[in-house]
Amino acid sequence: VYDPSVFPTSIKKYIIDIKDIDDSLLILSNNDEVLDNSFINRNMLYSTIVVKVDDVHRLLTFEKYINLIENYSKKI
């Protein structure tokens, strides 16, 4: 759930609360220090691929997931 009070005013305009995550590819950090992703474990997701990775919120090793993203994009 998006809580606007925790973000600086300068970046609030770039943040959206995404409520419908069906039909998507989610790359989630096991160590996310910003987002609480626990709702994903509690809800059924329709046609969603969830990949949990050992990284931080910013996905500092993003290049590891390029092939995964490319393969997913070819299927849609």
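Index from 1, following the sequence.
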message: Pairing donors with acceptors under 3.5 angstrom, does anything connect the side chains of Thr61 and Tyr65?
response: yes
Exercise: do Asp55 and Ser29 side chains pair donor with acceptor under 3.5 Å: no
message: Measuring only between side-chain heavy atoms, which start at C-beta, is Ile69 closer than 4.5 Å to Ile27?
response: yes
Note, Leu68 side chain near Tyr72 side chain (heavy atom, < 4.5 Å): no
message: Applying a strict under-4.5 Å side-chain criterion to I, L, V, M, F, W and Y, I'd like to know whether Leu28 and Ile16 cluster together.
response: yes
- prompt: What residues form a side-chain hydrogen bond (donor to acceptor under 3.5 Å, both in side chains) with Thr48, not counting sequence neighbours?
  reply: none
Quick one: [atom1] on [X] to [atom2] on [Y], what's the gap to the nearest 0.5 Å?
{"X": "Leu25", "Y": "Ser47", "atom1": "CG", "atom2": "OG", "result": "11.0 Å"}
{"X": "Ile66", "Y": "Asn71", "atom1": "CD1", "atom2": "CG", "result": "11.5 Å"}
{"X": "Lys52", "Y": "Asn31", "atom1": "NZ", "atom2": "CG", "result": "11.5 Å"}
{"X": "Asn30", "Y": "Asp54", "atom1": "CG", "atom2": "CG", "result": "5.0 Å"}

task: Please test Leu59 against Val53 for side chain to side chain contact (heavy atoms under 4.5 Å, CB included), starting from the C-alpha separation and ending with a verdict.
output: CA-CA 9 Å; Leu59 293 177; Val53 297; 3.8 Å; yes
message: Donor-acceptor check, side chain of Glu33 to backbone of Val56, threshold 3.5 angstrom: yes or no?
response: no
